[in-house]
Amino acid sequence: MENRKILLREDEIPRQWYNILADIKMNPPLGPDGNPIGPDMLAPVFPMNLIEQEVSPERWIDIPEEVLSVYRIWRPTPLMRAVALEKALDTPAHIYYKNEGVSPPGSHKPNTAVAQAFYNKAFGIKRIATETGAGQWGSALSFACCQFGLECKIFMVRVSFDQKPYRKSMMEAWCGKCVPSPSTETKAGREALERDPDTPGSLGIAISEAIEAAVSDPTGETRYSLGSVLNHVMLHQTVIGLEAKIQLEKVGEYPDVVIGCAGGGSNFAGLAFPYVLDKINGKDIDIYPVEPAACPTLTRAPFVYDHGDTARYTPLIPMHSLGHAFVPPPVHAGGLRYHGMSPTVSQLVVEGLIEPKAVTQLDALDAGATFARTEGSIPAPETTHALAAVIDEAKKAKEEGKEKVILVNWSGHGLLDLGSYDKYFAGQLTNYELDDELLAASEKVFEGFPKPEILKSN
Ligand SMILES: *Cc1c(COP(=O)(O)O)cnc(C)c1O
């Protein structure tokens, strides 16, 4: 009989993160004058120890003992063999999912939240300001700040604030302070409300608010934190893929396909980057980031220089972008509603090392329901996008009669997203396809921006 769970001991948690910057070429972020920004320009926003990590060329970076100690609350996470799903699909494929839903906040996000809280604390910072989409990041950072005795202020995208009230309760349980965004507390928020008083909000606007709250604190003891997109976030998440590798080795398997959903790219990167390194070194492996068809950053948007936020506080970063003014439709996968993408994930798409896919909201929730009814655990709406791609691959394996090994990141549970499932079961969910005109209009914002180079790493 196959094992359903592949477990590791606490002392088998990897001791280093993998930094993909050692293995790929990147366009630099640019300042307002169009020149590459120096670390000092980021100093009001992030603590210097994290800025150093953001630009580090070292391939392996030690995980501090204090971070490992908090990781041990829920890590190592189980690698699960989806035997019931395989059976239901009658597929010869072996499906493995890395269950990141077992952390206290219920997603992969504390892998970086804990690291970021630790580095802020070590730098003498007292308070962290951030944004949150579906509430996963806000709750993860509240949890992490609570572990290290830091204050946490969260600007939560309004549509999710209204749809997901219990995420706010979690933040409060961990002493985080959460307000809906746009708020009247910041200039960026007030301007967004003036443009559209009924706006559902967006991550782009919420990021502007959180950065403003950090840099305008007169005590200088507040910094900003981002839950995805940045290089150091991708770095911290690689503990997922490094663990998964050890677990698959234990059962003598190696993946043919690696899949993760992608909003800003961090859970995907966390599972996939250690395998991208193998691919760079010659392994034959298909690697798919999966995004919503309603917010098709990697599959339809151009690779450009753009701002990470709506008010254009961030530097210009090289990434696939729908435009910093783009307000994604209110799909239920709130964590996937972002106009941009991690520059490292974008660069891998440019190089053809990974191949993005898009799925509709209904196909995603179909997959989520199939998963819940076979494997039991109820996935987050974000995660269901990856599962839709897994089911497609498993069906393809059946048609081809191939015993493919599919590895997917189960980025979080959906126990606080049951409202989305309710709407789905009641037949009230619809698909949003982004039409070409809207896409073209949102891309107007790049006019006059510098263009990134198409770099090839080898
Ligand atoms: C936030 C979130 C995502 C999307 O963010 P990434 O940075 O792309 O990983 C996906 N799944 C879950 C469960 C999330 O909470």
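Just follow the structure's listing: the first ligand is 1, and inside any ligand the first atom is 1. Since the model is a prediction, treat every value here as computed from it, not as a measurement. Just so you know, residue 1 is the first one in the sequence shown, and it goes up from there.
In this structure, K245 satisfies the cation-pi test against Y275, with its NZ or CZ atom closer than 6.0 Å to the six-membered ring centre and inside 45 degrees of the ring normal. Judged by the 6.0 Å distance and 45° axis criteria, K121 is not positioned over the aromatic ring of F148. Taking the ring centre of F155 as origin, the terminal cationic atom of K153 falls inside the region bounded by 6.0 Å and 45° from the ring axis.
If you check which protein heavy atom lies closest to atom 13 (C) of ligand 1, you get S411 OG, 3.3 Å. Of the protein's non-hydrogen atoms, G263 N, 2.6 Å is the one closest to atom 8 (O) of ligand 1. For atom 4 (C) of ligand 1, the closest non-hydrogen atom of the protein is G335 O, 3.4 Å. Ranking the protein heavy atoms by distance from atom 1 (C) of ligand 1 puts K109 NZ, 1.3 Å first.
Atoms of ligand 1 found under 4.0 Å from any heavy atom of G412, numbered from 1 in the order shown, are 13 (C). Listed by atom number, the atoms of ligand 1 under 4.0 Å from A262 heavy atoms are 8 (O). The distance from ligand 1 to the heavy atoms of G265 drops below 4.0 Å at these ligand atoms: 6 (P), 7 (O), 8 (O). Against a heavy-atom cut-off of under 4.0 Å, S228 is close to the following atoms of ligand 1: 6 (P), 7 (O). Near Q136, the atoms of ligand 1 lying under 4.0 angstrom from a non-hydrogen atom of the residue are 13 (C), 15 (O). Taking every heavy atom of L336 and a limit of under 4.0 angstrom, the matching atoms of ligand 1 come to 4 (C). The atoms of ligand 1 that sit less than 4.0 Å from any heavy atom of C261 are 10 (C), 11 (N).
Electrostatic pairing of E291 and R337 does not count as a salt bridge here, judged by no charged N lying under 4.0 Å from a carboxylate O. Contact check on K25 versus E351 returns no salt bridge, with no Lys/Arg side-chain nitrogen under 4.0 Å from an Asp/Glu carboxylate oxygen.
Checking only distances, N267 does come within under 3.5 Å of ligand 1, N or O to N or O.
Side-chain contact check for E209 and S181: at least one donor-acceptor pair (N or O, by modelled atom type) lies under 3.5 Å. For the residue pair S266 / H108, a side-chain donor-acceptor distance below 3.5 Å is found, with atom types taken as modelled.
Residue contacts with ligand 1 include H108, since one or more of its heavy atoms lies under 4.0 Å from the ligand.
Ring geometry, F303 versus H320: the interplanar angle falls from 30° to 60°, so the pair is classed tilted. Ring-plane geometry between F46 and Y224 is classed as tilted, the angle between the planes lying from 30 to 60 degrees on a 0 to 90 degree scale.
When heavy-atom distances to ligand 1 are checked against a 4.0 Å cut-off, V229 has no atom that comes that close, whether in backbone or side chain.
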